[in-house]
Amino acid sequence: MAKPLGKLHEEKVFKDPVHRYIHVRDELIWRLIGTREFQRLRRIRQLGTTYLTFHGAEHSRFSHSLGVYEITRRIIDIFQEKQTWDPEQRLLVLSAALLHDVGHGPFSHSFEKVFGVDHEEFSRDIILGDTEVNSVLLQMGEDFPKQVAEVIAKTHPDKLIVSLISSQIDADRMDYLLRDAYFTGVSYGNFDIERILRVMRPTEDGVVIKSSGMHAVEDYIMSRYQMYWQVYFHPVTRSAEVILSKILHRAKELYETGYTFKRELSHFKTLFEGGVSLEDYISLDEGVIHYYFQGWMDEEDPILSDLCIRFIDRKLFKYTEMVSFTDGHLLSAYFQEAGINPKYYLVVDSSSDLPYDFYRPGEKEERLPINLLKPNGEIRELSRESDVVEAISGKRRTDHKLYFPIDLIEGIKDESLKTKIKEILHK
């Protein structure tokens, strides 16, 4: 076997608007960054359709992945002096931090829902499959790729290294909050990361926070709460997501019914048929999706053409608060009568977030709590010590909206029908 990769002859740095500099000292990390699978992340936006609401949100999963790596590297530097930290795990954690999002597809979540694919499975396939990433990882040992995949999948037996990348206060969340706040231009996502890193301590069961740093953690949790409702679930962004999903659904439906597209569907065929290969998946990025959407603007199918024009030219759906079941049924019937297909033009969208949760053993999605380390060595769960966190702990907030094309409604010739639709929508 080849000699494991060591240190670079000299440190490499990436200039970064959030962390100022990202430092790379290890040949392993430098080579992983250079792989085609990691470079592909430059062509996938971190925030999907959010750029249609906050125009600055053009940053990529590539820059976020580097940021998660950098925060993890800094945490490990702080942990080096602590007895409970095993320095042998350093490169494993750094690799997992860098590669945690490597399987994300274009417009990730909409894309996954429509085609039933899972970015976590593709991350695993990229790490373990016949890829450049896998060949680089193998230089650290035959078992190394499997261990990296296990850390990302949260199945690795070492809870401490898993918690650095996947917990309620981890390097992933800390980077995306700061990075997303910076690029969207909002102030909600900012918190004192320097303070939080200084008060993190390693234990066998995961990272704990010195109780003296509790207020910095409260600030972080409130930042996350605000970012979800002001940025991630912004109704205009959700409108773009709705249209994006409907375009993909419509194209898939047309393909399944034997419709002849003007442009060859080379990138979509295996997706539509439900058996996308790793190579096909890696070849997909947001530039490719835009290429098809622009082509589909000229399709004969009026629904696909209209939806693509809306997405490309930002003619988004309007929205209102959710209507009653009876009113929804009536609206659907009125849309049909007006010749507007409700399946594609009358869409309910729900957003839901749990800002912080304490430990509930046995639940499907176990959330590791944030634990505070008291001066006497006692460990206390955060919401037991913080009134601020207790107030929002375990409280899921959900928002339902109804999306529709106001221009098509305004264009209805039958004035009586148009009035009935508007009355329901403006109740």
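Note that the structure is a prediction, hence the values are computed from the model and not measured.
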Test side-chain contact (heavy atoms from CB on, under 4.5 Å) on Trp85 and Ile76; report intermediate values, then the result. CA-CA 8 Å; Trp85 173 252; Ile76 290 171; 3.9 Å; yes
Working note: Leu177 + Ile193, criterion side-chain contact (heavy atoms from CB on, under 4.5 Å); need CA distance, chi angles, decisive distance, verdict. CA-CA 11 Å; Leu177 289 175; Ile193 187 172; over 6 Å; no
Side chain to side chain donor-acceptor pair (under 3.5 Å) assessment of His109 paired with Glu112: CA-CA 5 Å; His109 303 295; Glu112 286 181 28; 4.7 Å; no
Give the C-alpha distance, both sets of side-chain angles, the deciding distance and a yes or no for side-chain contact (heavy atoms from CB on, under 4.5 Å) between Thr270 and Val276. CA-CA 5 Å; Thr270 56; Val276 62; 3.8 Å; yes
Test side chain to side chain donor-acceptor pair (under 3.5 Å) on His59 and Gln46; report intermediate values, then the result. CA-CA 6 Å; His59 56 303; Gln46 173 68 13; 5.8 Å; no
Run the side-chain contact (heavy atoms from CB on, under 4.5 Å) test on Ile29 and Ser95 for me, step by step, so that the C-alpha distance in whole Å, both residues' side-chain angles and the decisive distance to 0.1 Å come before the verdict. CA-CA 7 Å; Ile29 300 302; Ser95 301; 4.2 Å; yes
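Judged by the 6.0 Å and 45° rule, Arg238 forms no cation-pi pair with Tyr319.
A salt bridge is absent between Arg124 and Glu120; no separation between the charged side-chain nitrogens and carboxylate oxygens falls under 4.0 Å. The residues Glu253 and Arg250 are annotated as salt-bridged, a charged nitrogen and a carboxylate oxygen being separated by less than 4.0 angstrom. Ion pairing between a basic and an acidic side chain is recognised when a charged N comes within 4.0 Å of a carboxylate O; Glu423 and Lys420 show no such pairing. A salt bridge is defined here as a Lys NZ or Arg NE, NH1 or NH2 lying under 4.0 Å from an Asp or Glu carboxylate O, and Arg310 with Asp306 meets this definition. Salt bridge status for Asp77 with Arg25: present, with a side-chain N to carboxylate O gap under 4.0 Å. A salt bridge links Arg179 with Asp16: the distance from a Lys NZ or Arg NE/NH1/NH2 to an Asp or Glu carboxylate oxygen falls below 4.0 Å. A salt bridge is defined here as a Lys NZ or Arg NE, NH1 or NH2 lying under 4.0 Å from an Asp or Glu carboxylate O, and Arg263 with Glu299 fails to meet this definition. For the pair Lys159 and Glu204, the salt-bridge criterion is not met [side-chain N within less than 4.0 Å of a carboxylate O]. Using a cut-off of 4.0 Å between Lys/Arg side-chain N and Asp/Glu carboxylate O, Glu70 and Arg73 are scored as salt-bridged. Ionic pairing of Glu410 and Lys422 is present here: one or more N-O contacts between side-chain nitrogen and carboxylate oxygen are shorter than 4.0 angstrom. Between Glu194 and Arg198 there is no salt bridge, since no side-chain nitrogen of the basic residue lies less than 4.0 Å from a carboxylate oxygen of the acidic one. Taking 4.0 Å as the cut-off between side-chain N and carboxylate O, Glu279 and Arg36 count as a salt-bridged pair. Taking the charged nitrogens against the carboxylate oxygens, Glu132 and Arg31 have no contact shorter than 4.0 Å, which rules out a salt bridge.
Using a 4.5 Å cut-off on side-chain heavy atoms (C-beta onward), His119 and Tyr281 make contact. Contact annotation: the side chain of Leu98 approaches that of Leu66 to within less than 4.5 Å [non-hydrogen atoms, C-beta and beyond]. Side-chain contact between Tyr345 and Leu307 is present, with at least one heavy-atom pair separated by less than 4.5 Å. Between Gln89 and Asp158, the closest side-chain pair of non-hydrogen atoms falls below 4.5 Å. Within the 4.5 Å cutoff, no side-chain heavy atoms of Ile221 are placed close to those of Phe191. For the pair Arg380 and Leu373, the minimum side-chain heavy-atom distance is 4.5 Å or more. Residues Thr320 and His426 fail the side-chain proximity criterion, which asks for heavy atoms closer than 4.5 Å. Two residues are said to be in side-chain contact when any heavy atoms from C-beta on lie closer than 4.5 Å; Leu271 and Asp280 fail this criterion.
Between Tyr292 and Phe268, the distance from one ring center to the other falls under 6.0 angstrom. Tyr403 has its ring centre no less than 6.0 Å from the ring centre of Phe317. The ring of Phe54 has its center closer than 6.0 angstrom to the ring center of His234. Aromatic rings of His104 and Phe62 (six-membered ring for Trp) have centroids beyond the 6.0 Å cut-off, not under it.
When atom types are taken as modelled, the side chain of Ser305 and the backbone of Met297 share a donor-acceptor pair closer than 3.5 angstrom. Judged by distance alone, with hydrogens and angles left aside, the side-chain atoms of Asp26 form no donor-acceptor pair with the main-chain N or O of Leu28 at under 3.5 Å. A donor-acceptor pair under 3.5 Å is absent between the side-chain atoms of Lys12 and the main chain of Trp30, judged by distance alone. The backbone N or O of Gly287 lies less than 3.5 Å from no partner atom in the side chain of His290, so there is not a single donor-acceptor pair. Under a 3.5 Å cut-off, the side chain of Glu321 and the backbone N or O of Lys401 do not form any donor-acceptor pair. The backbone N or O of Glu241 lies less than 3.5 Å from a partner atom in the side chain of Ser245, making a donor-acceptor pair. Ser123 places no side-chain N or O within 3.5 Å of a backbone atom of Asp101 that could act as its donor or acceptor partner. Arg61 places no side-chain N or O within donor-acceptor distance of the main-chain N or O of Arg40, the cut-off being under 3.5 Å. Distance alone, capped at 3.5 Å, places no donor-acceptor pair between the Asp170 side chain and the Leu164 backbone. In this structure, the side chain of Thr184 engages the main chain of Asp180 through a donor-acceptor pair within 3.5 Å.
Around OH of Tyr291, the count of heavy atoms belonging to other residues, nucleotides or ligands within 6.0 Å does not exceed 12.
Side-chain contact annotation: Asp175 with His19, donor-acceptor N/O pair under 3.5 Å present. For the residue pair Ser352 / Arg396, a side-chain donor-acceptor distance below 3.5 Å is found, with atom types taken as modelled.
Lys374 approaches Ser211 most closely through the heavy-atom pair CA-OG, 3.8 Å. Nearest heavy atom pair, residue Leu346 against residue Gly328, reads CD2-O, 4.4 Å. Minimum heavy-atom separation, Leu52 to Ala240: CD1-CB, 3.6 Å.
Phe122 contributes atom CZ, which lies 9.0 Å from atom CD1 of Ile282 (distance to the nearest 0.5 angstrom). Interatomic distance, CD of Gln168 versus CG of Asn371, reported as 10.5 Å (0.5 Å rounding). Of the inter-residue distances, the one linking Phe183 atom CZ with Ser63 atom OG reads 5.5 Å to the nearest 0.5 angstrom. Rounded to the nearest 0.5 angstrom, Leu137 CG and Ile126 CD1 are separated by 11.5 Å. From Ile161, atom CD1 reaches atom CG of Leu92 across 4.5 Å, with rounding to the nearest 0.5 Å. Rounding to the nearest 0.5 Å gives a distance of 12.0 Å between CD1 of Ile409 and OG1 of Thr419.
Exactly one residue among Gln226, Met222, Arg224 makes a side chain to side chain contact (heavy atoms under 4.5 Å, CB included) with Tyr188. That residue is Gln226. If you run side chain to side chain contact (heavy atoms under 4.5 Å, CB included) between Ile196 and each of Asp219, Ile169, Ile75, Ile71, only Ile169 comes through.
Relative ring orientation between Tyr21 and His23 is described as tilted, the plane-to-plane angle lying within the 30° to 60° band.
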